[in-house]
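Just so it is clear, the structure is predicted and the values come from calculations on it, not from any experiment.
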Amino acid sequence: MALSRFISGGSSLIKQLALGSVQLCGHLPSSPLPSLAPSLMAGRGGTVLCTMAAGLPHFGTGVMRCWGRDTFISVRGLLLITGRYREARDLILAFGGCLRHGLIPNLLAGGTNARFNCRDAVWWWLQSIKDYCSIVPNGRLLLSDPVSRLFPDDDSEPQEPGKVEMPLCAVIQEALQRHASHISFRERGAGPDLDHNMHPNGFDVKAGVDFSTGFVYGGSAHNCGTWMDKVGESDLAGNKSVPATPRDGSAVELVGLCKSVIHWLCDLNNQGVYKNKGVMVQFRNKSPRLFSWHQWDRLLQQSFEHHFWIPLDESESGHIDHAHLIHRRGIYRDSVGASQHYADFQLRPNFPIAMVVAPELFNPEHAWYALEIVEHNLLGKLGMATLDPQDWAYDGVYDNGQDSTNSKNARGFNYHQGPEWLWVTGYFLRAKLHFAKISNHGIHVDETVAMVKRVLSAHREAIRSSPYKGLVELTNAGGVECKDSCAVQAWSMACILDVLYDLAHIKEV
């Protein structure tokens, strides 16, 4: 297998991380990818298509191997940067074939038994398409590749490969139009046989777009639709069926991903590459009318800082609902419109994701200030604390096996309430590199590069000492080993490799 020139000519750390592409991406009959359009399978001789393990050893084989969110967070690092373009293309097209209700599956389960219970996988999928088109030579040809639809409509039974086909660009358009028209459905098979921890109302999935701001939104207090997806399991502690981190409303990274995709489509439409000009939107019971990519892009740009930035000066917070709940200033909100109002204002490592995919949303000086706060309060030895240590809900030690009357951590309720996750470190470091170049006239570039290299030295040592020769999913507070973590995680490997790719190109910008 020949990997890209960036990998073959890279440092030992780059090569070690690239091995994750081989370690985690392969052909497993126990975890099949849905078939592509027959024309794309010609000449492959019935080959089982490559899937990506979310992590090892817990997610290596079978139905639990392949997840939409994990796959598309990891595609850029593990497949595009490494030069494995065909595998990336196969994953994009196969998951696109599973589109249902305007969403991409979370748990893939071969496609026929997929679960559509997350709001973010579709946005990571769309971002991966953008990345593919940007990185791969002649990558825009992907947009016209045929997609074999497993579910041509929401109520379809699974269809045979090739029975219903459409170009990828039409699937993209369907996903965006469905969000513009509002998504609302109840999961098939809802009940304890599907998920014995879920509250009955948690099986109701909602997502849409608020066209007063342009923000994508969704979810409820009864489910977790983003990567922070722990639902309580302890009867003893009374947290069973309670989502630890619903993150309903408009989650900051999803707004960023939306802006990235809409801005890209606006450019493609202007160049004549993408024919659709926007989505049809119905305002105040009037007839639906076209809302163009340019209008949506501009609305997001105008709305973001106003709604997400928490000003340093309290007197400038009059426009913020529930401003009395602000306990840290000079940061970006984790969400807007959460049913648990305090959750909007919690310091978490999610806004750096939006900074990387849509940096134009951010005032550079605000961004730099907020990143400094993140660095001083959330950055750990290998990962990022998933919650502000000053927050009342913080608990940095994850133990999924322990049960007690402590509702904050019983049965691992604090999975995303403090433990330090590695993949978001990648986005934080990439955000620092970007805004070091454009804030304060670039005076922080050299010190930021040095800081990034210091952080990455810990990852180099972690790989060297790992029996799996990879990076873990998460650690407990202070970088202490977590026994319940995957020993190697796809998005940990991918997102740190993303940093090294950006670092190699920083002098070119």
Side-chain angles (χ1 to χ4, degrees), residues 34 54 59 62-72 95 97-125 150-158 174-175 178-210 216-235 237-251 253-254 335 337-340 343 400 407 410-413 415-417:
F59 303 102
V63 71
M64 299 299 287
R65 173 180 171 86
C66 196
W67 301 74
R69 173 191 300 128
D70 300 65
T71 293
F72 293 110
F95 270 88
C98 298
L99 188 87
R100 200 174 203 178
H101 304 287
L103 299 175
I104 291 296
N106 188 19
L107 180 63
L108 180 62
T112 55
N113 295 303
R115 287 194 69 182
F116 297 86
N117 62 327
C118 73
R119 308 192 313 273
D120 60 348
V122 67
W123 294 103
W124 287 109
W125 175 74
L150 193 60
F151 307 109
D153 58 61
D154 294 346
D155 298 320
S156 295
E157 293 298 318
E174 181 180 332
R178 292 298 298 272
H179 279 78
S181 301
H182 187 71
I183 295 165
S184 180
F185 65 95
R186 186 167 178 80
E187 281 196 84
R188 287 162 182 79
D193 289 343
L194 182 62
D195 188 334
H196 66 276
N197 290 314
M198 184 71 75
H199 186 280
N201 292 341
F203 295 105
D204 295 325
V205 179
K206 298 181 187 300
V209 180
D210 178 354
V216 62
Y217 70 89
S220 75
H222 299 293
N223 54 33
C224 303
T226 74
W227 77 276
M228 293 182 163
D229 58 357
K230 180 68 178 184
V231 175
E233 302 176 31
S234 175
D235 287 313
N239 66 25
K240 186 176 176 66
S241 302
V242 177
T245 45
R247 302 192 69 231
D248 56 334
S250 297
E253 76 276 19
L254 301 195
S335 57
S339 56
Q340 299 170 346
N400 195 51
S407 62
R411 296 299 307 276
F413 192 72
Y415 197 29
H416 306 102
Q417 300 279 56

Please work out whether the ring planes of His222 and His199 are parallel, tilted or perpendicular, with thresholds of 30° and 60°. parallel
Is there a donor-acceptor pair under 3.5 Å between the side chain of [X] and the backbone N or O of [Y]?
X	Y	answer
Ser181	Arg178	no
Ser241	Asn197	yes
Asp248	Gly219	no
Asn223	Ser220	yes
Asp210	Val216	no
Asn106	Ala121	no
His179	Ala175	yes

For Arg119 and Leu103, what are the C-alpha separation, side-chain angles and deciding distance, and is it a side chain to side chain contact (heavy atoms under 4.5 Å, CB included)? CA-CA 7 Å; Arg119 308 192 313 273; Leu103 299 175; 5.6 Å; no
About how many Å separate [atom2] of [Y] and [atom1] of [X], when rounded to the nearest 0.5 Å?
X	Y	atom1	atom2	result
Phe59	Met64	CZ	CE	5.0 Å
Leu194	Asn113	CG	CG	10.0 Å
Arg65	Asp70	CZ	CG	12.0 Å
Phe413	Tyr415	CZ	OH	14.5 Å

Between Lys230 and Asn239, is any side-chain donor less than 3.5 angstrom from a side-chain acceptor? no
Modelled atom types, side-chain donor and acceptor of Arg247 and Ser335, under 3.5 Å: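 Result is no, nothing qualifies.
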For the residue pair [X] and [Y], what are the closest heavy atoms and their distance?
X	Y	answer
Val63	Leu107	O-CD1, 3.1 Å
Phe95	Gly68	CE2-CA, 3.5 Å
Lys206	Ser184	NZ-OG, 3.0 Å
Val231	Cys224	CG2-SG, 4.1 Å
Tyr217	His182	OH-ND1, 3.1 Å
Ser339	Ala221	OG-CB, 3.5 Å

Any side-chain heavy-atom pair of [X] and [Y] under 4.5 Å:
X	Y	value
Asp195	Phe203	yes
Pro105	Arg115	no
Glu187	His101	no
Trp227	His416	yes

Go through the steps to decide whether Gln417 and Thr245 satisfy the test side chain to side chain contact (heavy atoms under 4.5 Å, CB included), and finish with yes or no. CA-CA 8 Å; Gln417 300 279 56; Thr245 45; 3.6 Å; yes
Phe116 ring center near Phe185 ring center (under 6.0 Å): no
Yes or no on side chain to side chain contact (heavy atoms under 4.5 Å, CB included) for Trp67 and Leu108, after CA distance, side-chain angles and deciding distance? CA-CA 6 Å; Trp67 301 74; Leu108 180 62; over 6 Å; no
Ion pair present between Glu174 and Arg100, side-chain N to carboxylate O less than 4.0 angstrom?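 So Glu174 does not pair with Arg100 through a salt bridge.
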Show your working on salt bridge (Lys or Arg N to Asp or Glu O under 4.0 Å) between Arg188 and Asp155 and close with a plain yes or no. CA-CA 10 Å; Arg188 287 162 182 79; Asp155 298 320; 3.5 Å; yes
